[in-house]
Amino acid sequence: MARELASLSEEELRQIDAWWRANNYLTVGQIYLRANPLLREPLRPEHIKPRLLGHWGTSPGLALVYAHVSRLIRRTGQEAIYLAGPGHGGPALVAAGYLEGTYSEIYPRVGQDEAGLLRLFRQFSSPGGIPSHVSVTTPGSIHEGGELGYVLVHAFGAVMDNPDLLAVAVVGDGEAETGPLEGSWKGVSFLNPVRDGAVLPVLHLNGAKIAGPTVLARKSREEVRSLLAGHGYELIEVEGDDLPGMHHRFAAALAQAWGTIRGIQHRARAGQWDGTRPRWPLIVLRTPKGWTGPDEVDGVRITGTWRAHQVPLSGVRENPEHMALLERWLRSYRPEELFDADGAPTPPVRDLAPAGDLRMSASPHANGGRLTRDLELPDFREYAVEVPEPARLRAESTRKLGELLRDVYARNPDRFRLFCPDETNSNRLGAVFEVSDRAFMEQVYPHDVAIGRDGRVMEVLSEHNCHGWLEGYTLTGRHGMFATYEAFAMVSASQTVQHGKWLQEATRLPWRARVPSLNVLLTSTAWRNDHNGFSHQGPGLIQTVLTQRGDIARVYLPPDANCLLSVADHCLRSRSYINLIVIDKQPQLQWLTMDEAIEHCTRGAGIWQWAGTDDGTSDPDIVLACAGDVVTMETVAAANILRDRLPGLRARVVNVVDLMALQRPKDHPHGMSAVRFAELFTTNVDVVFAFHGYPGAIHQLVHGRPDADRFRVRGFIEEGTTTTPFDMTVRNRTSRYHLVMDAINNARRLPPGAADLMAWCEAKLAEHQAYVVEHLEDMPEVRDWSLGDWARRG
Ligand SMILES: Cc1ncc(C[n+]2csc(CCOP(=O)(O)OP(=O)(O)O)c2C)c(N)n1
């Protein structure tokens, strides 16, 4: 089959050439025209948009690849999706969906007639229209390509556990200079030819980026070959700008690539794979940037240079010469052959499109919610930690989550994966290895553990890869979790933001089905990275997610294992959110029974009556609030000190699991009502709030609540180093002693003994200081602290 595909018939050449010309015409039309879409009359200034926005340079290359892949699909029935790394070539992909008819099916106003064509042109990069990139509004897209660097990670994620799918991923040569893209060639080291589909990267060396040459385009061919062959690819090179020669050569290259892919898959699926990593094909495509556009403008070379990147002809309305050049350029595609009298694509253009869902713009994989099947989830209550009374038992909470995830893996062998930068065991999630190894297609040695060809736990030391793979995986309808050290979640924070934007926009499009949520587990947190030091102490991702819109962002801070299980179950069931779950992996005190945890997590926040000294009959003297595991312990310990040493003070303890519950209902769907807020925090009593992250976050969240100034927030204030766990809280002024002093300083009524207790706390802090320096560990009364019999149930 591949051999037959290698040569184009006359008919196919005619179709491909017509489709490509039509696509280029529509791209230029989208950038320039507000009227006269079929050039029925000579161009006049009023036909030209007042603001010329968009990117021409990459578009003809993107369209060329699209046209040829469409032919491949028609000939072979191959299921494929298309990812444009240089997503600024949006008009080419919008045009592709339009020529395939998908666009008009989804947006009937943009029909395949002259009026529809005009709307297509006018809406592009316009107020009330569509964005310039391959955004969420573009049918067939799972990759906007706005922030460059992620095209391969999205493609690899999309084909995992998707054996019949081919993801064609065009990589820009400028994009190839980014760190994430350079790291993402390694995807092939994790792709199993039996169980996974294939990625076909097309490295598009069009020579330039916005304002200068690209590294790979100016390297010798030998160096480019060595680089990519070293990553494990078999290179197929196509170069030129001659026509129809380029069509023939690209068709042959694509046929060869597809033949290689199918050969690898057939052999592997027939049991003939010896386990060595296959050499997957990669096409290196060298075409001039802005190919088929104006060669020269005002005596300056455009095509093949960075000047072709955006809008090659400026000031068209005012400059008759430029207007004439534009008209010549548009007419060079011979629109009269491509669109009929009504403005509909003519048969050679139309006939290239594959049928129905095989059109890349209509692929259900790219609208993954359509394919999403809910997870088979075990009953999370079965993993409960027995909690006879609060703060008696210590447990590694994430270990329980690992057990739950193990069984999620077992029940969902085709639609759940964990993504982690080399830390699954370290994060205490290692139970998953009872049912799945880590995926690895490079050499495996006898002394390796839990690693192999059939593994489905994804470990690669790249937060960019992990995050991007999970995005590709969920956008195509499957479920997963990204578990990472809290501080290094900032490495991929920008991806979190970009994905949030995607999800937010998607919720506005009725045709986009809701996809599984992006679940991010932050563990190895700031407070317990006492052993690693300052570089490992950074709770910044919370702040980042808080800036995202309420429609998509959720932040959970479960204080113990049972709360974590309840939160995780909720997140794994949810759709189209970014769920951030923050909890440390070290042994930690357990507070709530499973039933209590479920109720607490369902409400998002609650009073821990047993922890405080407030009888609930009237407002307390002070509220001690907390969100986050370590600061919860400090808060309960502080309340305990107050109970013992200042029994006349009424202190209420409030714990917050769902951070967004603090917001007003009008600011976030989880926001608690004013009545509930007052029940927890009163309307006028001061609140000492111990927070896991940066204090400003809580101020931001309670903004607009009654007398928000009464919130005194303690949190991480960038006081970190390699020290003891408790010293971390002392340095950041969230220790139990600091919280007690804060309570005394802010309580609205002080019983006798407060001054003595202040002095006692100061003495304790001094004692701590001396002790840790002398003994290199925390004081036993802190290190081994628990509530003792004080909170015994019943
Ligand atoms: C991470 C990131 N940095 C910078 C930009 C701004 N930018 C937009 S397009 C572009 C050049 C892209 O060049 P290339 O990937 O070669 O695409 P093409 O030449 O095909 O347009 C740059 C730097 C961006 N979109 N993303």
Side-chain angles (χ1 to χ4, degrees), residues 23-24 27-28 30-31 53-66 82-96 125 131-135 141 143-155 168-185 201-219 224 227-228 238-239 241 283-293 301-312 462-465 467-468 471 490-499 501-502:
N23 191 295
N24 289 338
T27 292
V28 185
Q30 287 177 83
I31 294 173
L53 306 167
H55 298 80
W56 159 246
T58 193
S59 298
L62 292 178
L64 179 92
V65 176
Y66 200 103
Y82 187 100
L83 295 89
H88 43 279
L93 274 292
V94 168
S125 280
S132 61
H133 285 62
V134 191
S135 69
S141 173
H143 175 83
E144 127 128 18
E147 184 168 290
L148 297 167
Y150 311 128
V151 70
L152 285 180
V153 291
H154 288 162
V168 177
V170 180
V171 180
D173 44 357
E175 175 177 32
E177 293 175 15
T178 65
L181 195 288
E182 181 61 42
S184 65
W185 293 114
V202 179
L203 176 61
H204 188 199
L205 300 184
N206 63 14
K209 34 192 196 271
I210 298 180
T214 61
V215 172
L216 290 186
R218 296 285 173 99
K219 271 186 182 299
V224 173
L227 173 74
L228 298 167
V238 187
E239 177 171 3
D241 62 355
I283 295 178
V284 179
L285 173 64
R286 290 185 172 85
T287 66
K289 191 155 182 160
W291 184 18
T292 72
R301 190 166 149 218
I302 302 292
T303 302
T305 78
W306 52 270
R307 290 192 182 86
H309 183 69
Q310 290 186 355
V311 179
S462 159
E463 285 75 13
H464 291 122
N465 277 295
H467 201 295
E471 288 176 37
M490 292 307 284
V491 171
S492 48
S494 197
Q495 290 174 284
T496 314
V497 170
Q498 294 293 331
H499 191 66
K501 290 175 192 289
W502 179 281

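We're numbering straight along the sequence, starting at 1. The structure presented is a predicted model; accordingly, all values stated were derived computationally and were not measured. Both ligands and their constituent atoms are indexed starting at 1 by order of listing.
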Partner of V151 by side-chain contact (heavy atoms from CB on, under 4.5 Å), out of V202, V170, L181: L181
Once you round to the nearest 0.5 Å, how far does OG1 of T214 lie from NE2 of H204? 10.5 Å
Exactly which residues line ligand 1, taking a heavy atom under 4.0 Å from it as the test? T58, P86, H88, G146, E147, L148, G172, D173, G174, E175, N206, A208, K209, I210, K289, H309
How about H467 and E471: does a side-chain donor come under 3.5 Å of a side-chain acceptor? yes
Please check: side-chain N/O of [X] versus main-chain N/O of [Y], any donor-acceptor pairing under 3.5 Å?
{"X": "S492", "Y": "Q495", "answer": "no"}
{"X": "E175", "Y": "G149", "answer": "yes"}
{"X": "T58", "Y": "G89", "answer": "no"}

